[in-house]
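Data first, discussion second: the structure below is written as structure tokens.
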Amino acid sequence: MLVLFISLLAGCYYIFVVELCIFTVQLLEAKITFLVIFHLLFLLCVWSYLRTVMTPPAVPPAKFRLSECDKQRYLSERKPEVLQEILVRMAKDLPISTKDSKGAFRYCDICQLLKPERCHHCPVCDICILKLDHHCVFLNNCVGFSNYKSFLLCVVYALLLCLFTSAESLYGSILFWTHQLPNTQSKVPIIVLFSLSTLCCVMLLLLLYIHCHWAVDNITSREGESGTWNERYDLGLSKNLRQVFGDEKKYWFLPVFSSLGDGYTFPMTDATKDIEKNAAAVAKSISENQN
């Protein structure tokens with residue numbers, strides 16, 4: 001899938017630059033404008049893509065792993081209550097509050113570590129990954145805490161690139177269809193480019209909508225699909241986006257790591273304040289209804 005994606009990107013690049021801009025567009029000013037805008041979006045997209053692909057997934061630090069003594073005892077023990085006792089003793093000094101459906105601490109038998117908050121094991125990469133979002137076949141890599149920002153930017157710049165490419169190739173196709181340009185060998189590639197870029201626009205728009213919705217609510221794809229999201233992670237629109245993009249706005253649109261936190265501890269809203277806020281809202285609503 002990775003090779004297929006790169007091949008399609010290279011093919012579309014050739015058609016737009018050579019067949020459309022060089023061979024088809026007549027005005028020099030239009031050629032320069034199209035090429036500058038296209039290459040700006042193309043470089044930002046490729047930069048974001050490479051950052052997402054080449055950034056290794058963040059894994060839990062060593063303190064989440066059992067000591068050699070505890071590991072040997074854990075592997076040799078068969079009683080569930082004793083196994084859980086080992087994990088409880090270790091977890092008391094770690095920032096872990098999430099447990100499984102049985103109320104036990106989450107332990108990965110493959111990686112032999114206690115899973116931090118929002119950490120999950122990827123069966124493809126075969127490692128536990130901090131704030132795992134999903135494994136992407138087009139990246140041949142996992143999207144998680146270390147590269148989620150560059151993944152979002154890659155989707156955004158890819159969508160803008162496809163929108164621009166679709167609009168310009170549609171313009172060229174109309175010129176061919178209305179016989180304002182003579183039929184040349186560039187006609188078919190430009191029509192194919194329009195079809196591919198329009199199809200990609202639809203898919204990328206849907207993908208961006210889903211991930212923007214989750215990023216705004218501070219939800220990962222895995223949490224959203226499995227329904228395991230903790231609503232106390234929702235800090236509000238501004239703080240949720242800063243968790244991904246960071247505090248320094250000058251880095252927001254560049255695929256460099258600027259996300260907040262360490263990947264295994266996360267700020268949460270105050271549950272007591274939430275309860276009081278909801279109770280006040282209910283009381284206000286009842287008062288208004290009575291009036």
Side-chain angles (χ1 to χ4, degrees), residues 1-2 5 47-67 71 74 87 90-91 93-101 104-156 207-208 210-235 240-246 255-268:
M1 295 298 292
L2 183 63
F5 178 81
W47 184 12
S48 302
Y49 179 80
L50 291 177
R51 284 285 299 184
T52 310
V53 171
M54 300 177 68
T55 300
V59 298
K63 64 181 179 180
F64 288 92
R65 299 183 182 276
L66 295 177
S67 64
K71 186 188 299 183
Y74 188 91
L87 300 182
M90 179 182 177
D93 298 323
L94 296 174
I96 299 178
S97 61
T98 303
K99 299 181 181 180
D100 60 21
S101 57
F105 285 104
R106 302 182 306 134
Y107 180 77
C108 180
D109 292 315
I110 299 175
C111 299
Q112 297 183 336
L113 55 78
L114 276 168
K115 294 181 182 179
E117 306 294 302
R118 313 180 85 175
C119 174
H120 299 278
H121 186 87
C122 174
V124 181
C125 298
D126 200 31
I127 54 173
C128 284
I129 296 172
L130 296 177
K131 200 181 179 184
L132 174 64
D133 192 86
H134 67 285
H135 183 92
C136 183
V137 294
F138 292 103
L139 302 171
N140 194 32
N141 195 10
C142 269
V143 177
F145 173 73
S146 61
N147 60 357
Y148 186 64
K149 176 195 171 186
S150 57
F151 168 76
L152 278 182
L153 289 178
C154 180
V155 175
V156 170
L207 181 64
L208 183 61
I210 294 172
H211 279 279
C212 282
H213 169 68
W214 283 336
V216 163
D217 291 333
N218 204 349
I219 307 174
T220 65
S221 299
R222 191 181 185 94
E223 291 166 347
E225 293 170 357
S226 63
T228 57
W229 173 61
N230 186 340
E231 62 181 10
R232 293 186 62 192
Y233 292 136
D234 187 357
L235 307 174
N240 287 343
L241 291 179
R242 287 206 297 270
Q243 287 292 306
V244 177
F245 293 98
V256 294
F257 182 80
S258 59
S259 302
L260 300 181
D262 49 26
Y264 55 85
T265 56
F266 302 93
M268 293 187 180

- Item | Contact summary for Ser146 and Phe257, nearest pair of heavy atoms | O-CD1, 3.5 Å

- Item | Lys149 side chain vs Val256 backbone, donor-acceptor pair below 3.5 Å | yes

- If you look at every heavy atom in Asn141 and Val53, which pair is closest and at what distance? ND2-O, 3.1 Å

- Query: Got a donor-acceptor contact below 3.5 angstrom from the Arg51 side chain to the Pro255 backbone?
  - Reply: yes

- Message: Please tell me whether Tyr264 and Phe145 form a close aromatic pair, meaning their ring centres lie under 6.0 Å apart.
- Response: no

- Is the closest side-chain heavy-atom distance between Leu87 and Leu66 below 4.5 Å? yes

- Query: Minimum heavy-atom separation for Gly224 to Ile219, with atom names?
  - Reply: N-CG2, 3.5 Å

Please table the atom pairs, donor to acceptor, closer than 3.5 Å between any side-chain atom in residues 210-218 and protein atoms at least two apart or in another chain.
unit_1, atom_1, unit_2, atom_2, d
His211, ND1, Tyr148, OH, 3.1
Asn218, OD1, Arg118, NH1, 3.4
Asn218, ND2, Tyr233, O, 2.8

- Message: Tell me whether Asp133 contacts the main-chain N or O of Ser221 through its side chain, where contact means a donor paired with an acceptor under 3.5 Å.
- Response: yes

- Item | Non-neighbouring partners of Val155 that pass side-chain contact (heavy atoms from CB on, under 4.5 Å), sequence neighbours left out | Phe151, Leu204, Leu207, Leu208

- Item | For Pro267, side-chain contact (heavy atoms from CB on, under 4.5 Å) partners two or more places apart | Leu235, Gln243

- Note on the structure: Scanning both residues in full, the closest heavy-atom pair of Leu130 with Gly263 reads CB-O, 3.5 Å

- Query: Who passes side-chain contact (heavy atoms from CB on, under 4.5 Å) against Asn140, sequence neighbours left out?
  - Reply: Leu2

- Message: Checking Lys131 against Thr220: is there a side-chain donor and acceptor pair closer than 3.5 Å?
- Response: no

- Query: Heavy-atom distance under 4.5 Å between the side chains of Leu139 and Phe5, does that happen here?
  - Reply: no

- Close side-chain approach of Ile96 to Leu114, heavy-atom, < 4.5 Å: yes

- Message: Closer than 3.5 angstrom, by distance alone: can the side chain of Asn147 be matched with the main-chain N or O of Pro57 as a donor-acceptor pair?
- Response: no

- Message: Suppose we screen for salt bridge (Lys or Arg N to Asp or Glu O under 4.0 Å). Which residues come up paired with Arg242, at least two apart in sequence or across chains?
- Response: Asp247

- Here the pair of heavy atoms bringing Cys142 nearest to His135 is SG-ND1, 3.3 Å

- Any luck finding a side-chain donor-acceptor pair between Ser97 and Glu117 under 3.5 Å? yes

- Item | CZ on Arg222 to CD1 on Ile129, rounded to 0.5 Å | 9.5 Å

- Any luck finding a side-chain donor-acceptor pair between Ser150 and Thr52 under 3.5 Å? yes

- Note on the structure: Closest non-hydrogen contact found for Lys115 with Cys128 is CE-SG, 4.2 Å

- Note on the structure: Residues pairing under ring-ring contact (aromatic ring centres under 6.0 Å, His included) where one sits in residues 105-131, two or more places apart or in two chains, turn out to be Tyr74-Tyr107

- Decide yes or no for Phe245 and Asn240: does some side-chain heavy atom of the first lie under 4.5 Å from some side-chain heavy atom of the second? no

- Item | Spacing of Leu113 atom CG and Cys108 atom SG [to the nearest 0.5 Å] | 5.5 Å

